[in-house]
Number of protein chains: 4
Amino acid sequence: MQSRSPVSRTGRPRSAAADTAILAATREALVELGWSKLTLGDVATRAGVAKTTLYRRWPGKNELVVDAVAALFDELEMPDRGSLAADIEGVVLQFAAILVRPEIKSGLMAVVAESTHDDALRERIRASIVDRQKRLVLEGRARAQQRGELPPETDPEEAARTVDLIFDMVAGAVVHRTLVSAEPVDPEWAGAFTRVLVLGLGRSQ
Amino acid sequence: MQSRSPVSRTGRPRSAAADTAILAATREALVELGWSKLTLGDVATRAGVAKTTLYRRWPGKNELVVDAVAALFDELEMPDRGSLAADIEGVVLQFAAILVRPEIKSGLMAVVAESTHDDALRERIRASIVDRQKRLVLEGRARAQQRGELPPETDPEEAARTVDLIFDMVAGAVVHRTLVSAEPVDPEWAGAFTRVLVLGLGRSQ
Amino acid sequence: MQSRSPVSRTGRPRSAAADTAILAATREALVELGWSKLTLGDVATRAGVAKTTLYRRWPGKNELVVDAVAALFDELEMPDRGSLAADIEGVVLQFAAILVRPEIKSGLMAVVAESTHDDALRERIRASIVDRQKRLVLEGRARAQQRGELPPETDPEEAARTVDLIFDMVAGAVVHRTLVSAEPVDPEWAGAFTRVLVLGLGRSQ
Amino acid sequence: MQSRSPVSRTGRPRSAAADTAILAATREALVELGWSKLTLGDVATRAGVAKTTLYRRWPGKNELVVDAVAALFDELEMPDRGSLAADIEGVVLQFAAILVRPEIKSGLMAVVAESTHDDALRERIRASIVDRQKRLVLEGRARAQQRGELPPETDPEEAARTVDLIFDMVAGAVVHRTLVSAEPVDPEWAGAFTRVLVLGLGRSQ
DNA sequence: GTCTAAACGAGACGGTACGTCCAGTCTTTGT
DNA sequence: ACAAAGACTGGACGTACCGTCTCGTTTAGAC
């Protein structure tokens with residue numbers, strides 16, 4: 001009989017604490033040093049862990065940073081604020097608040113840059129970060145349809161395309177404002193942005 | 001009457017050809033190797049130039065890549081296509097065409113990432129790339145006002161804010177679509193995007 | 001009973017073979033290139049070793065060459081040739097034979113030159129090379145005293161000064177003849193030199 | 001303004017002052033930096049001269065240092081001190097006094113080391129430094145013969161060999177004592193050395 | 001209560017690129 | 001024609017990390 005279990009039943013198990021410590025150390029190092037000066041040796045030292053332990057769990061710097069950063073995005077939530085505009089504005093502000101955190105600022109763009117010539121990395125980013133947040137768009141649309149602010153979708157393909165468009169517009173604008181223009185996403189900007197977006201979407205009205 | 005350069009009329013002058021060769025070599029290396037594997041030694045070799053010559057002119061990899069990439073953005077133009085929507089759609093497609101070029105794809109996000117913890121670099125990017133392209137938004141608005149598609153601005157501060165908002169929305173959405181979502185900016189997407197944007201702007205007046 | 005090395009029983013141990021290979025490669029490079037054209041990168045390559053490994057073990061070129069050269073001096077021996085004069089003549093010829101070897105010729109004077117403004121290096125040379133060979137003078141004197149050629153020393157301080165004087169005279173003359181005058185130390189010269197020295201020492205008693 | 005030289009009408013004449021300044025700057029740099037850290041650019045700067053001027057006059061560092069150092073050896077003189085022993089002792093002390101000067105200490109051994117694999121350099125050293133000092137041995141011998149301390153030479157070849165031997169013994173011992181053993185050549189040592197040498201030479205007595 | 005195999009820390013290893021420095025040459029303008 | 005200035009090619013420097021590799025040492029679970 002062969003063991004079906006993917007994990008080894010014998011030998012010393014991997015320390016669960018190490019994972020946590022490594023990810024925390026990575027975020028800490030991102031804050032202090034930024035992506036390009038972050039070294040795995042330094043992360044290992046901060047985490048009180050040998051370099052080998054780190055390499056046993058992540059293939060490299062990129063993947064480690066993706067995982068270290070991904071967790072922070074799960075904080076995003078979209079409580080019902082009563083209208084589509086309010087919901088969007090809330091998410092925009094929340095999203096911006098995450099983006100300005102220095103560990104994100106330093107890490108996110110860098111891994112996206114790396115992903116432009118590393119397909120596996122792009123897939124990891126999509127799975128860990130991007131797609132996880134699309135739920136917000138879906139949720140918001142559903143809520144708006146319930147409220148009657150948006151018509152129910154007729155063509156499901158067209159609907160999917162619209163979700164992607166909205167996602168690119170929201171995420172893109174906030175990221176560009178924050179990281180490229182380096183201007184704050186304050187309620188005023190969020191309001192102006194949301195107004196344009198909601199009006200643009202509301203063609204049926 | 002006026003001295004062109006207040007300093008150094010003595011000594012061997014810097015080779016003008018070297019600058020050109022170095023920037024071209026940088027773009028070539030970006031295409032072949034991508035940002036992270038690009039080394040200044042390799043660029044120097046490709047340009048047929050000593051490493052010292054390169055370091056004499058640029059402080060480092062980041063600044064070199066900004067300059068190498070900036071030139072390509074000046075290709076952007078906005079011929080009069082007859083309507084605001086057509087003008088925007090045209091620029092979006094052109095912009096996307098530049099972004100998918102491998103030397104841009106590899107380099108742009110990386111330097112933006114670096115700029116998150118290097119103020120001088122961010123300023124260089126803003127001066128060399130970002131601000132230079134805002135002219136397109138200004139030009140487009142002026143043309144739309146001439147056509148009567150948009151009212152003349154009344155409050156100049158408000159107008160400036162709107163220019164920034166539009167710039168972040170257009171650039172952000174296209175960059176996100178291209179580099180994060182890694183989906184093509186085809187005429188269909190460009191059309192959908194433009195429709196939302198123009199509708200949103202029109203109604204907000 | 002006693003721990004050989006009080007430090008570092010942990011981590012991967014240093015390769016003993018590397019030391020040997022590096023010193024051999026250094027001697028080889030000295031022969032082919034001479035001191036001034038010898039580079040540590042080249043030595044590392046010849047030894048099949050990374051540059052870092054070399055720097056981990058020696059602080060620089062000088063110290064490495066001292067160690068590479070020192071071993072060769074341990075070949076010096078002084079078999080009993082029956083008389084003080086014969087013993088000295090034998091050592092002079094042996095010493096000269098070592099000095100004309102190209103790895104010594106290239107390296108020895110250079111490190112001595114460096115040592116004139118590097119106290120640690122001078123100490124290293126003294127410990128590794130100079131003091132190790134003073135044994136020959138001591139041995140020769142003891143033997144001559146046994147034979148009755150020299151009287152037993154009475155004042156130990158005076159005796160130590162004489163040892164130093166003889167050492168400087170022998171080593172100095174042979175080195176000067178070989179490396180500065182660039183003339184061969186043949187049996188004839190060795191005989192003439194020994195005659196002067198033995199005569200001078202004998203009469204001074 | 002009047003032309004200084006009636007001969008050379010054409011071209012700017014070489015500055016004689018430059019030679020002096022360069023050699024002085026070389027000695028100064030040798031004192032401060034030592035041979036290995038002395039750079040020709042630095043010498044040129046100290047001398048208030050362009051690097052090109054320096055290269056126009058000397059082929060390289062070695063030759064420059066030989067010339068810078070050689071002048072100092074011409075200070076050696078041997079006034080008649082009344083006996084062979086006193087003459088030798090006087091020269092030994094003078095020679096030692098020159099050798100301990102830092103510009104000599106740093107430079108002399110280094111160029112000798114280089115000369116072991118550069119025949120032209122060895123010849124230059126021989127011509128500029130070594131052979132110039134052999135006159136002292138010849139002078140001393142002649143004087144001793146006049147005084148009757150040494151017999152007149154019979155075999156001129158044998159006599160030449162003896163001159164060389166004495167030169168190697170004196171120069172070698174003093175150099176070795178000073179630069180390798182790094183002990184002072186004080187009157188006590190000089191006396192002991194001279195005693196051995198004179199006794200050794202005086203076989204006819 | 002051992003046995004045992006993987007995980008662990010430490011740190012040496014072969015590499016690659018870094019950014020700096022100097023050698024020696026070349027190209028300007030000035031005298 | 002020579003000088004001063006300084007840019008140029010080329011190459012070694014010593015350092016920093018990379019990702020891998022040996023070591024000796026835990027340590028949790030299987031027996």
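So that the names make sense, note that chain A is the first sequence line, chain B the second, and so on, each numbered from 1.
Look at NZ on A:Lys61: it is 9 Å from P on F:dG19, rounded to the nearest Å. Rounded to a whole Å, the CD atom of D:Glu114 is 13 Å from the P atom of E:dA23. Atoms CG (B:Asn62) and C1' (E:dA17) sit 15 Å apart, rounded to a whole Å. At whole-Å resolution of the value, CG in A:Asp42 and C1' in F:dC17 are 11 Å apart. Between C:Glu63 atom CD and F:dC13 atom P the separation is 14 Å, expressed in whole Å. Protein atom CG of B:Leu40 is 11 Å distant from nucleotide atom P of E:dT20, rounded to whole Å. If you measure from atom CG of D:Leu64 to atom C1' of E:dG24, you get 14 Å, rounded to the nearest angstrom. As a whole-Å value, the separation of A:Arg57 CZ from F:dT20 C1' is 18 Å.
What you find for D:Ser106 and C:His117 is that their closest heavy atoms are OG-CD2, 3.9 Å. Closest approach of C:Met109 to D:Ala113, counting heavy atoms only: CB-CB, 3.6 Å. Residue B:Asn62 comes nearest to B:Val111 through the heavy atom pair O-CG1, 3.8 Å, listed as atom of the first residue, atom of the second, then distance.
Side-chain nitrogen and oxygen atoms of D:Arg56 include at least one within less than 4.0 Å of the OP1 or OP2 phosphate oxygen of F:dA3. In terms of phosphate contacts, D:Thr53 brings no side-chain nitrogen or oxygen within less than 4.0 Å of OP1 or OP2 of F:dC2. The shortest distance between the side-chain N/O atoms of D:Thr39 and the OP1/OP2 oxygens of E:dC21 is not below 4.0 Å.
Taking the side chain of A:Ser15 as heavy atoms from C-beta on, and the options E:dC8, E:dC13, F:dT9, the nearest nucleotide is E:dC8. Among the nucleotides E:dC18, E:dT25, E:dG15, the one closest to the side chain of D:Tyr55 is E:dT25. Residue A:Thr52 has its side chain nearest to E:dA10 when only E:dA10, E:dC22, E:dT28 are considered. Distances from the side chain of B:Arg14 to the nucleotides E:dC13, E:dC22, F:dA7 place F:dA7 closest.
The side-chain tip of A:Lys61 points at the ring of A:Trp35 from less than 6.0 angstrom away and within 45° of straight on.
The pair C:Asp19-C:Arg14 does not meet the salt-bridge criterion, since no charged nitrogen lies less than 4.0 angstrom from a carboxylate oxygen. Note on B:Glu32 versus B:Arg46: salt bridge recorded, some NZ/NE/NH1/NH2 to OD/OE distance being below 4.0 Å. Of the charged side-chain nitrogens involved, at least one lies within less than 4.0 Å of a carboxylate oxygen, so that C:Asp67 and C:Arg124 count as a salt-bridged pair.
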Taking N or O atoms only and anything under 3.5 Å, show me the protein contacts with nucleotides 24-26 of chain F, one pair per line.
unit_1, atom_1, unit_2, atom_2, d
F:dT26, O2, A:Arg12, NH1, 2.8

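B:Gly60 comes within 4.0 angstrom of nothing in the nucleic acid, heavy atoms only.
Not a single donor-acceptor contact under 3.5 angstrom links the side-chain atoms of B:Lys51 to the base of F:dG10.
The structure places CZ of D:Arg122 at 9.5 Å from CG of C:Leu179, a figure rounded to the nearest 0.5 Å.
Along DNA chain F, the nucleotide nearest A:Lys37 and the nucleotide nearest B:Ala18 are compared for position; the residue whose nucleotide lies closer to the 5' end is B:Ala18. Summary of the strand contacts: D:Ala50 and C:Pro13 both lie near DNA chain F, and taking for each the nucleotide with the nearest heavy atom, the more 5' one is attributed to D:Ala50.
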